[in-house]
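Small disclaimer: the values here were computed from a predicted structure and weren't measured. If you read the sequence from its start, that first residue is 1, and numbering goes on from there.
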Amino acid sequence: MTLYIPFICLAIGFAINWKGLPKNVLRIIDHIVTLSLVLLMGVIGINIGTSEQVMNNLGRIGLNCLILCLGAIFFAVVLFVILEKTIMPLEEIRKKLLMEKGIRMDLPKERKGPDPLLFIMPLAIIGGVVLGRFVIPDISPKVMDILLYVSLVLLYTGTGVSMASARTAFEYLKKLGFRVLLMPLAIFLGGVISGLLFGKLLGIDLAWSVTSAASLGYYSLPGAFMTEAYGVEAGIYGFVVNVLRDVCTVALMPILKRISKGAPIASGAGGCMDSMFVPVSRAVGMELSLVALLVGVIITVFVPFWLPLSRMIFG
């Protein structure tokens, strides 16, 4: 998705709810957002299921890709938690901000029990894989692109509507200031550490392992770049490791939410700009939603520079 589209959609949604919409209308919009999110997860699954390159090589290199992906998530979360415990206490900032606004902290803000979406999203991805592999393997890429863009536009616009009801998100971002730049740096270092460590342990060429693990969920460009630079098998790593990051983020969301306020952002990485924006926003709350989006944008801008730099470093 083009960089400016998310911001335009958020602004439209914000404007729609600027003066406040009736609760029944907000409820309908919330249902639309939920359905769009399920559609998006299904599209991700179909993309996996229709990719012969991915499906045919899952048995041979799939485990390596999964380990690299989980390692990148693990180290990113660890570094993120260190930031939160030291110079960037996200939850403490949120509480102070809400207290300044006179919002009572003792009021329950989340539904009791797990959010059903935490189970629906993985099932939607699995269902999409099955559909793509066995039911609609020849679906047109143009149709997939349309479905993807429609779901993302609806998601961003709906989130903009929600932000208008929780305008503290903008003040939260202001309070973080330049410290927000440390977030994508921590996520990137997590990918580099995973690539170096597991590349050595699994006997994978470091150029492949580090480049793919540190591409942070941006799967289209790394897959193409690594195929051109190192060959087809390297390209599979570049694509699969980063596709799995979205899948693993969704699957691990119940655990990530319990670890820290920023853990879902650390896991979502570049996906926080598009496919993971709404799942992550729902996990971290509206106050952090703009932070997640900004982190995703910074990573998305950085990765095209990282790829040739990685080639220079590792050959």
Side-chain angles (χ1 to χ4, degrees), residues 1-14 16-17 29-30 32-45 47 73 76-77 80 90 115 117-118 120-122 124-125 145 147-166 168-170 172-173 176 180 183-184 187 215-220 242-253 256-257 261-303:
M1 174 172 275
T2 309
L3 284 175
Y4 59 82
I5 296 296
F7 295 100
I8 292 176
C9 294
L10 287 172
I12 292 172
F14 197 89
I16 290 172
N17 195 25
I29 292 174
D30 187 58
I32 293 173
V33 169
T34 299
L35 291 173
S36 301
L37 185 56
V38 173
L39 172 62
L40 176 61
M41 295 301 106
V43 170
I44 291 173
N47 274 324
I73 291 174
V77 169
F80 226 95
L90 299 178
D115 187 338
L117 270 177
L118 295 176
I120 294 173
M121 288 188 297
I125 293 175
D145 287 342
L147 291 175
L148 178 65
Y149 269 80
V150 167
S151 61
L152 287 173
V153 166
L154 290 174
L155 287 171
Y156 276 112
T157 306
T159 302
V161 171
S162 299
M163 282 182 180
S165 300
T168 49
F170 296 91
Y172 194 113
L173 187 59
L176 281 176
V180 75
M183 297 181 178
I187 296 170
S215 291
L216 313 176
Y218 192 156
Y219 48 82
S220 56
N242 291 289
V243 168
L244 285 175
R245 186 144 191 165
D246 278 4
V247 177
C248 290
T249 295
V250 170
L252 296 172
M253 195 64 75
L256 294 168
K257 286 178 64 177
K261 202 67 174 172
I265 299 175
S267 182
C272 289
M273 180 192 148
D274 41 53
S275 57
M276 290 295 102
F277 176 67
V278 172
V280 169
S281 294
R282 291 201 173 202
V284 302
M286 278 297 110
E287 293 88 6
L288 265 172
S289 59
L290 277 181
V291 176
L293 176 60
L294 183 58
V295 168
V297 169
I298 292 172
I299 289 173
T300 301
V301 171
F302 170 71
V303 169

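Here the closest heavy-atom approach between residue Ala283 and residue Met253 is recorded as CB-SD, 3.6 Å. Scanning both residues, Ser215 and Val303, for their nearest heavy atoms gives O-CG2, 3.5 Å. The nearest pair of heavy atoms linking Gly158 to Val33 is CA-CG2, 3.6 Å. When all heavy atoms of Ala269 and Ile187 are compared, the pair lying nearest together is CB-CG2, 3.7 Å. The two atoms that bring Ile299 and Pro184 nearest to each other are CG1-CB, 3.8 Å, heavy atoms only. The heavy-atom pair separating Phe277 from Ser289 by the smallest distance is CE1-O, 3.3 Å.
Here CE of Met41 is found 12.0 Å from CD1 of Ile120. Values are rounded to the nearest 0.5 Å. Here Ile125 contributes atom CD1 and Asn47 contributes atom CG; the two are 11.5 Å apart, rounded to the nearest 0.5 Å. Rounding to the nearest 0.5 Å gives a distance of 14.0 Å between CG of Asn17 and CD1 of Ile12. Note that the CD1 atom of Ile265 and the OG1 atom of Thr249 stand 11.5 Å from one another [nearest 0.5 Å]. Atom OG1 of Thr157 sits about 10.5 Å away from atom CG of Leu152, to the nearest 0.5 Å. Expressed to the nearest 0.5 Å, how far OG of Ser36 lies from CD1 of Ile29 amounts to 11.5 Å.
Residues Leu39 and Leu154 form no side-chain contact, since every pair of their non-hydrogen atoms from C-beta on lies 4.5 Å or further apart. Contact of the Val250 side chain with the Met276 side chain is registered, since non-hydrogen atoms from C-beta on lie closer than 4.5 Å.
The closest donor-acceptor contact from the side chain of Ser267 to the backbone of Ala263 lies at 3.5 Å or more, if one exists at all.
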